[in-house]
Q: 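Sharing a structure, written as structure tokens. Questions coming.
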Amino acid sequence: MQENKKFKLVASKRTRYLLPNILTLAGVCLGISSIKFSIDGNYNLAVIFILLASILDALDGRVARLIKGTSEFGKELDSLTDFVSFGIAPVFILYFWELNNYGKLGWAITLIYSVCCALRLARFNLTKNDQESWKINYFEGIPSPAGAILILMPLIFEISNLNLNFEIKKITPYFTFLIAILLVSKIPTLSFKKITFSPKSTVFILLGIGIIFICLLFYTFETVLFFGLVYIFLIPISFFTYKIKNKKEALETMEDEHEDVL
């Protein structure tokens, strides 16, 4: 007698691929929806949707590696959705908010940012992972999710409750262009991929995460603005630390080659 085969809607070895791709698709839906809300003039919700999309983008890859659900399809899907959520949606929000007032120049800046984001994602897809362990902690240029949040900082400042008597709208086109250049630049920026913590510091880390969550809950835009400024200040720091480590590695390589010759 033949054994009865169990009916399965999805093969068991494929089910683990679904969750990361669902998170990725949810992110692109948030990105596209943010454009719709910006057209309606609801910039608060548009910014929040971009923030949620960036959180999902950070989670989908980690979830895929955790449950061993990585796939070539997932990588391509993630790259395409990143372009929509972080290369098109945020700069369109800015366009409907302020850049449209600059006419052709505003539209040109919108296109430049989107093109730079596409080039950045294409270069990232071609980056090999077989590099030194310390270099894994660095990106070439700023990643697209970070770029999306950074270009929205003038808008976030505008809709926050900060009253600093500063006309932030005037710097919007210049700031957007600067972030576009940083996307395709080769300036090393911290990736925070291989950060390890001592078990003794777990309680303090959880406390810090809890405080950040509370701040995001009650002071959403002010908190995002603060972390955006911190990230900008970290760019020159990461540049110098990268150069120091790279120089140290080069000296060690020269010493090893010298010993081999002797």
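Just so it is clear, the model here is predicted, and its values are computed rather than measured. The first residue in the sequence is number 1, and the count goes up from there.
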Q: List the atom of Arg120, the atom of Glu140, and the distance in Å for their closest heavy-atom pair.
A: NH2-O, 3.5 Å
Q: Report the C-alpha distance between Thr241 and Tyr138 in whole Å, list the side-chain angles of each, state the deciding distance to 0.1 Å, and finish with yes or no for side-chain hydrogen bond (donor to acceptor under 3.5 Å, both in side chains).
A: CA-CA 10 Å; Thr241 56; Tyr138 294 89; 3.1 Å; yes
Q: Within the structure provided, determine whether Thr176 and Thr110 are in side-chain contact (heavy-atom separation under 4.5 Å).
A: no
Q: If we only count heavy atoms from C-beta on, is the Ser54 to Ile50 side-chain gap below 4.5 Å?
A: no
Q: Is the shortest side-chain heavy-atom distance between Asp82 and Phe124 below 4.5 Å?
A: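 Side chain of Asp82 against side chain of Phe124, heavy atoms only: no contact under 4.5 Å found.
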Q: If I compare all heavy atoms of Tyr231 with all of Leu190, which pair ends up nearest, and what's the gap?
A: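 For Tyr231 versus Leu190, the nearest heavy atoms are OH-O, 4.5 Å.
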Q: What do the steps show when you test Phe227 against Ile212 for side-chain contact (heavy atoms from CB on, under 4.5 Å), and what is the final call?
A: CA-CA 10 Å; Phe227 281 107; Ile212 292 172; 3.8 Å; yes
Q: Closest heavy-atom contact between Phe239 and Ile187?
A: CD1-CG2, 4.2 Å
Q: Could you check Leu105, Ile109, Asn101, Leu94 and say which one makes a side-chain contact (heavy atoms from CB on, under 4.5 Å) with Pro173?
A: Ile109
Q: Does Phe177 have more than 12 heavy atoms from other residues, nucleotides or ligands lying within 6.0 Å of its CZ?
A: no
Q: Examine distances only and state if a side-chain atom of Thr172 and a backbone atom of Lys169 form a donor-acceptor pair shorter than 3.5 Å.
A: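 Present.
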Q: Testing Ile171, Leu225, Ile179 one by one against Met153 for a side-chain contact (heavy atoms from CB on, under 4.5 Å), which residue passes?
A: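 Going through Ile171, Leu225, Ile179 one by one, the side-chain contact (heavy atoms from CB on, under 4.5 Å) with Met153 is satisfied by Leu225 alone.
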Q: Do Val224 and Leu216 come close enough that some side-chain heavy atom pair is under 4.5 Å?
A: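 Yes. Closest side-chain heavy atoms under 4.5 Å.
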Q: Considering only heavy atoms from C-beta outward, does the side chain of Leu77 approach that of Leu25 to under 4.5 Å?
A: yes
Q: On a heavy-atom basis, which atom in Pro90 and which in Ala148 lie closest, and how many Å separate them?
A: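 Smallest interatomic distance, heavy atoms only, reads CG-CB, 3.6 Å.
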Q: Is the side chain of Ser38 donor-acceptor paired with the backbone N or O of Phe96 at a distance under 3.5 Å, no angle test?
A: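 Between the backbone of Phe96 and the side chain of Ser38 there is no qualifying donor-acceptor contact (under 3.5 Å).
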Q: For Ile39 and Ile35, run side-chain contact (heavy atoms from CB on, under 4.5 Å): C-alpha distance rounded to whole Å, both residues' side-chain angles, the deciding distance at 0.1 Å, then the answer.
A: CA-CA 6 Å; Ile39 295 173; Ile35 300 176; 4.2 Å; yes
Q: Would you call Thr81 and Phe86 a side-chain contact if the rule is heavy atoms closer than 4.5 Å?
A: no
Q: Looking only at non-hydrogen atoms, find the nearest pair between Ile151 and Phe175 and report the distance.
A: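 Result for this residue pair: CA-CE2, 4.1 Å.
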Q: For a 4.5 angstrom cut-off between non-hydrogen side-chain atoms, does Thr189 reach Pro143?
A: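 Yes, close enough: below the 4.5 Å cut-off.
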Q: Which of parallel (below 30°), tilted (30 to 60°) and perpendicular (above 60°) describes Phe92 and Tyr95?
A: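 Aromatic pair Phe92/Tyr95 classed tilted.
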Q: What are the two closest non-hydrogen atoms of Arg123 and Val184, and how far apart are they?
A: NH1-O, 3.0 Å
Q: Considering only heavy atoms from C-beta outward, does the side chain of Leu99 approach that of Trp107 to under 4.5 Å?
A: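 SC-SC contact between Leu99 and Trp107 ruled out.
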